[in-house]
2 protein chains.
Amino acid sequence: MSRENLKNIEKQISAYKHGKVPKELRIAQIVLTARTMFAQNGYTNSSMDELAKRVKVSKPVIYELVGSKDNLFKMILTEAGQELQERIQNAVDQASSLESKLKAGGLAFFNFVKEHRQLWLALFVNDQGLFSKDIALIRKEQSDLVSNLIVSSNAFENSSLTYISGIAHALNGAYEALAIWWFDHPEIEPETLANWITELLLPTDLPLNR
Amino acid sequence: MSRENLKNIEKQISAYKHGKVPKELRIAQIVLTARTMFAQNGYTNSSMDELAKRVKVSKPVIYELVGSKDNLFKMILTEAGQELQERIQNAVDQASSLESKLKAGGLAFFNFVKEHRQLWLALFVNDQGLFSKDIALIRKEQSDLVSNLIVSSNAFENSSLTYISGIAHALNGAYEALAIWWFDHPEIEPETLANWITELLLPTDLPLNR
DNA sequence: TATAGTAACCTACTTATAGTAGTTTACTAC
DNA sequence: GTAGTAAACTACTATAAGTAGGTTACTATA
């Protein structure tokens, strides 16, 4: 991602006196500018008119070069997805044991998110603002339910509330992701899915508490 | 959710000859019609003009009664969130052991999703179509990476590929959800988060394989 | 039974934004 | 210096959220 940086490109562009900039350079400028804009405002709250203003070019130029708002977003999404993928893959490859691979992969992921917080949010999670607070509230309630379950089970009796809250959210995310995956495997019964996650967390041949 | 059903309400409405229907009844009709529309087309692809057509009323009536498109969506989202919450809570309360509570809660969740597939997707996951395929592709790649990790570790050697794929998606969902939760706890280090999930899956005082 | 008040509803607009048709400008090759 | 073309522009259309201001029909009271 950002193999070229925006400053660099704009410096090159400033060499063209009368504003007629080669296609590829202009595309790079547009995509990078759009990435910042999407990160700041999300997809819906970003407009192509504003993008045109930021790039200091008229709208048809943008449409000529990147096709559509959708397509522009997809380009940015795909590129970021690829970089994320590569970084995780490299991290996993360089570790040896299962445990260290899991740690390294997770670390690579969280570092990526840390470096690109706003962008990651805008690309992979939600469309800036609109309902994120409402969904966050619902998730929080679900997670509180799970937190209570964990606490009352004494499974994590020496753990901090922060840790338990985080784990509860992670667990909810697992259920949610499995439900999304389920759309492509509709023949599976709800009971089966519930068992999968339960057994993942509480292997039947192991004591429940630790 | 849908404490009243649409047919019922429209039957009551048809009693009013000249189309002047009491506020509350009209609101119920609008909300239920909108719920169907959002489930079919998602938020962005649903228009208030179409809603007005479906309800057979002019647009200002709808704005008078539900305020805005945002607000309408939030009403539906919140109500669905509450029902989901209640169903999981009831299921958990009625079970006794930690394991049975996890199973029952999970089952309640997956049953809810099964009963309201399209609506659940539209409300909690994404905005119909636009980028869901692109994000799904990225998730699939991440999950394949995790699947390979799982397979090569021999941790699940007797498991079907379908199961492994599902678990991999669930695991990715856990990372993603934890990253979202992280926005409210920015002081935590990436290493810490990576360790949390690793230890959840591979408790250090237990053998790695089972 | 006439009429005042109001709840429910309407037509016709404004504003914002994605996307396009058709034209103009400046650099390049001969 | 002129022809061709790449890069850019102005000015439009279409769709959709949201609103201003007016109309209709039911209800209560004289």
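Only heavy atoms go into these numbers, but all of them, side chains included; no hydrogens, no water, no symmetry mates. In this text the structure is predicted, and so the values were computed from the model without any measurement. Per chain, numbering begins at 1; letters A, B, ... match sequence-line order.
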Rounded to whole angstroms, how far apart are [atom1] on [X] and [atom2] on [N]?
{"X": "B:Asn45", "N": "D:dT15", "atom1": "CG", "atom2": "P", "result": "14 Å"}
{"X": "B:Leu51", "N": "D:dG18", "atom1": "CG", "atom2": "P", "result": "12 Å"}
{"X": "B:Asn71", "N": "D:dA17", "atom1": "CG", "atom2": "P", "result": "15 Å"}
{"X": "A:Lys69", "N": "C:dA16", "atom1": "NZ", "atom2": "C1'", "result": "11 Å"}
{"X": "A:Asp49", "N": "C:dT15", "atom1": "CG", "atom2": "C1'", "result": "12 Å"}
{"X": "B:Tyr16", "N": "D:dT24", "atom1": "OH", "atom2": "C1'", "result": "17 Å"}
{"X": "A:Glu64", "N": "C:dT24", "atom1": "CD", "atom2": "C1'", "result": "15 Å"}
{"X": "B:Phe38", "N": "D:dA16", "atom1": "CZ", "atom2": "P", "result": "13 Å"}

Distances under 3.5 Å between protein N/O atoms and the N/O atoms of nucleotides 3-6 of chain D, please, pair by pair.
none

Problem set entry | Complement of D:dA30, any strand, by Watson-Crick or G-U distances under 3.5 angstrom | C:dT1
Residues in side chain to side chain contact (heavy atoms under 4.5 Å, CB included) contact with [X], at least two apart in sequence or another chain:
{"X": "A:Ala168", "result": "A:Ser143, A:Val146, A:Ser147"}
{"X": "A:Asn148", "result": "none"}
{"X": "B:Asn195", "result": "A:Lys103, B:Glu199"}
{"X": "B:Ala28", "result": "B:Ile9"}

Problem set entry | Residue B:Lys140 excluded, over 12 heavy atoms near NZ under 6.0 Å | no
Going by the rule salt bridge (Lys or Arg N to Asp or Glu O under 4.0 Å), which residues pair with [X] if we only count those two or more places apart in sequence or in a different chain?
{"X": "A:Asp93", "value": "none"}
{"X": "B:Glu115", "value": "B:Arg87"}
{"X": "B:Glu191", "value": "none"}

For this session: Go through residues 53-61 of chain A and report each residue with a non-hydrogen atom lying under 4.0 Å from DNA chain D, sorted by number.
Result: A:Val57, A:Ser58, A:Pro60, A:Val61
Exercise. Which residue pairs pass the salt bridge (Lys or Arg N to Asp or Glu O under 4.0 Å) test when at least one of the two sits in residues 167-188 of chain B, sequence neighbours left out?
Worked result: B:Arg139-B:Glu176
Exercise. Reckon B:Tyr63 has a side-chain N or O less than 4.0 Å from the OP1 or OP2 of D:dG18?
Worked result: yes
Exercise. Under 4.0 Å between a side-chain N or O of B:Arg26 and OP1 or OP2 of C:dA7?
Worked result: no
Using residues 50-60 of chain B as the side-chain source, report each donor-acceptor pair under 3.5 Å to any protein atom, sequence neighbours left out, with the distance given to one decimal.
{"from": "B:Glu50", "atom 1": "OE2", "to": "B:Arg54", "atom 2": "NE", "distance (Å)": "2.9"}
{"from": "B:Glu50", "atom 1": "OE2", "to": "B:Arg54", "atom 2": "NH2", "distance (Å)": "2.7"}
{"from": "B:Arg54", "atom 1": "NH1", "to": "B:Gln40", "atom 2": "OE1", "distance (Å)": "3.0"}
{"from": "B:Arg54", "atom 1": "NH2", "to": "B:Gln40", "atom 2": "OE1", "distance (Å)": "2.9"}

Restricting both atoms to N or O, compile the protein contacts to nucleotides 4-6 of chain C shorter than 3.5 Å, with distance only.
none

For this session: Mind telling me whether B:Phe110 and A:Tyr175 have parallel, tilted or perpendicular rings, with 30° and 60° as the class edges?
Result: tilted
Problem set entry | Pairwise side-chain contact, B:Ile138 with A:Phe124, heavy-atom cut-off 4.5 Å (strictly under) | yes
Exercise. Checking all strands, does A:Thr44 fall into the base, sugar-phosphate, or nothing category for heavy-atom contacts under 4.0 angstrom?
Worked result: nothing
